[in-house]
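Quick caveat, the model's predicted, so the values are computed rather than measured.
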Amino acid sequence: MRRRVKKHLPNAITCANLFSGCIGIVFTFQDNLIFAAYAIFLAAIFDFFDGFASRVLQSFSGIGKDLDSLADMVSFGVLPSAIMYMLMLQTRQIQHVSEWLNFIAFLIPVFSALRLAKFNNDTRQAESFIGLPTPANAILIASIPLILAQYNNLTPYVLNPYVLSVFIVVMCTLLVAELPLMSLKFKNKDFNKNFYRYLLLLFSAILILFFKFAAVPVVIVMYITLSLIQLKFTDHTVISGSKK
């Protein structure tokens, strides 16, 4: 019995990630973007714990890896694109801007699929990332309706077809960019080796405590910045193909 639990528990958590993504899509169809955003956060929690369970139980398999990517594709690819599409529909009408521009939102799952495929086949990403992880991108998109609900005065500036279109293009570029980023997996408790991870978690907790969901964009920018600083002060670069 223990052996079966050890084998299937990580995959069960991954399936919970997928289930959350599917529920989030339903909320999006109902124009309930707040609950759809919460579904992304819930899926991200499951995504973290399936990897954590795999490492603790030493339960790794090709099926688990593929299942994780398929679940991420729905929860962090399709769901955020659906949220972004609904936001595009809510943008103020600007003369000469075609409604076809709204479909730019579906570049998100396209580039998310490319990101996940690269991750599964790129040996350089065994201990770190190259390109923005799909959960980080999805969480950033999920924060938009929550921020707008928190700060109504930002709505005219954010719900602009040009602003959202540029945002989508930038995020899609970051997904597949040759940008070395640190993983948040703690292989040990060594403070020096995990200094930037601890720093990110500390400042993220402080920012979220004071600014709630409005802190998410700042946290993502800080994550990218700290990753680049860490890269600068390490002897081994991911781009060259060596592991950290």
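Ile130 is not listed as a side-chain neighbour of Phe119, based on a closest heavy-atom distance of 4.5 Å or more. Side-chain contact between Phe52 and Val56 is present, with at least one heavy-atom pair separated by less than 4.5 Å. Considering only heavy atoms from C-beta on, Leu146 stays 4.5 Å or farther from Gln150 through its side chain. At least one side-chain heavy atom of Ile25 sits under 4.5 Å from a side-chain heavy atom of Val74. In this structure the side chain of Asp47 reaches within 4.5 angstrom of the side chain of Phe76, judged on heavy atoms. Between Ser227 and Met182, the closest side-chain pair of non-hydrogen atoms falls below 4.5 Å. The closest side-chain heavy-atom distance from Met222 to Leu207 is below 4.5 Å. Asn137 is not listed as a side-chain neighbour of Ile220, based on a closest heavy-atom distance of 4.5 Å or more.
When hydrophobic clusters are built by joining Ile, Leu, Val, Met, Phe, Trp and Tyr residues whose side-chain heavy atoms come closer than 4.5 Å, directly or via intermediates, Phe106 is grouped together with Trp100. Phe195 and Tyr198 fall within a single hydrophobic cluster, where Ile, Leu, Val, Met, Phe, Trp and Tyr are joined by side-chain heavy atoms under 4.5 Å apart, directly or via other members. When hydrophobic clusters are built by joining Ile, Leu, Val, Met, Phe, Trp and Tyr residues whose side-chain heavy atoms come closer than 4.5 Å, directly or via intermediates, Leu228 is grouped together with Leu132. By the criterion of side-chain heavy atoms lying less than 4.5 angstrom apart, applied directly or through intervening Ile, Leu, Val, Met, Phe, Trp or Tyr residues, Val218 is grouped together with Phe211 in one hydrophobic cluster. Grouping the Ile, Leu, Val, Met, Phe, Trp and Tyr side chains by contacts below 4.5 angstrom, directly or via other members, places Tyr157 apart from Val97.
Partner Leu116 forms a side chain to side chain contact (heavy atoms under 4.5 Å, CB included) with one of Thr134, Asp68, Asn121 and no other, that one being Thr134.
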Could you please spell out the steps behind the side chain to side chain contact (heavy atoms under 4.5 Å, CB included) verdict for Ile104 and Ile168? CA-CA 8 Å; Ile104 194 174; Ile168 291 168; 3.7 Å; yes

I would like to know whether Phe27 and Leu33 meet side chain to side chain contact (heavy atoms under 4.5 Å, CB included); could you show each step before the answer? CA-CA 7 Å; Phe27 284 130; Leu33 300 189; over 6 Å; no

Under the criterion side chain to side chain contact (heavy atoms under 4.5 Å, CB included), I'd like the reasoning laid out for Thr14 against Phe46: C-alpha separation, chi angles, the key distance, then a yes or no. CA-CA 6 Å; Thr14 301; Phe46 286 127; over 6 Å; no

Test side chain to side chain contact (heavy atoms under 4.5 Å, CB included) on Ser112 and Leu175; report intermediate values, then the result. CA-CA 7 Å; Ser112 295; Leu175 283 170; 3.8 Å; yes

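For the 3.5 Å distance criterion, the side chains of Ser69 and Asn120 qualify, holding a donor opposite an acceptor. Checked by atom type, the side-chain pair Asn17/Asp72 shows a donor-acceptor distance below 3.5 Å.
Between Phe103 and Tyr85, the distance separating the two ring centers is shorter than 6.0 angstrom. The ring of Tyr151 has its center no closer than 6.0 angstrom to the ring center of Phe213.
Between the side chain of Thr28 and the backbone N or O of Gly24, at least one donor-acceptor pair lies under 3.5 Å. Checking side-chain atoms of Asn194 against main-chain N and O of Arg197 turns up no donor-acceptor pair under 3.5 Å.
Heavy atoms only, all atoms of each residue included: Leu200 and Ser204 are closest at O-OG, 2.6 Å. The minimum heavy-atom distance linking Pro156 with Asn152 is given by the pair CD-O, 4.0 Å. Listed here is the closest heavy atom pair of Leu79 and Ala39: CD2-CB, 4.3 Å. Listed here is the closest heavy atom pair of Leu114 and Val176: CB-CG1, 4.0 Å. When all heavy atoms of Ala142 and Ala37 are compared, the closest pair comes out as O-CB, 3.2 Å. The shortest heavy-atom contact between Met88 and Ser165 is CE-OG, 3.8 Å.
Phe49 CZ: 12 or fewer foreign heavy atoms inside a 6.0 Å radius. Shown here is Ile94, whose CD1 atom has more than 12 heavy atoms of other residues, nucleotides or ligands within 6.0 Å. Counting non-hydrogen atoms of neighbouring residues, nucleotides and ligands closer than 6.0 angstrom, the CZ atom of Phe167 exceeds 12 such neighbours. For Tyr196, the OH atom sits in a packed shell: over 12 heavy atoms of surrounding residues, nucleotides or ligands are nearer than 6.0 Å. Within 6.0 Å of the CZ atom in Phe203, the count of heavy atoms belonging to other residues, nucleotides or ligands does not exceed 12.
Residue pairs satisfying the salt bridge (charged side-chain N to carboxylate O under 4.0 Å, His left out) criterion with at least one member in residues 90-118, sequence neighbours excluded, are listed as follows: Lys118-Glu178.
Of the inter-residue distances, the one linking Leu18 atom CG with Leu70 atom CG reads 8.0 Å to the nearest 0.5 angstrom. Atoms CD1 and CG, from Ile45 and Asp50 in turn, are 12.5 Å apart once rounded to the nearest 0.5 Å. Between atom SG of residue Cys172 and atom CD1 of residue Ile108 there is a gap of 5.5 Å, rounded to the nearest 0.5 Å. A distance of 10.5 Å separates CG of Asn102 from CE of Met86, quoted to the nearest 0.5 Å. Note that CD1 of Ile144 is 13.0 Å distant from CD1 of Ile139, once rounded to the nearest 0.5 Å.
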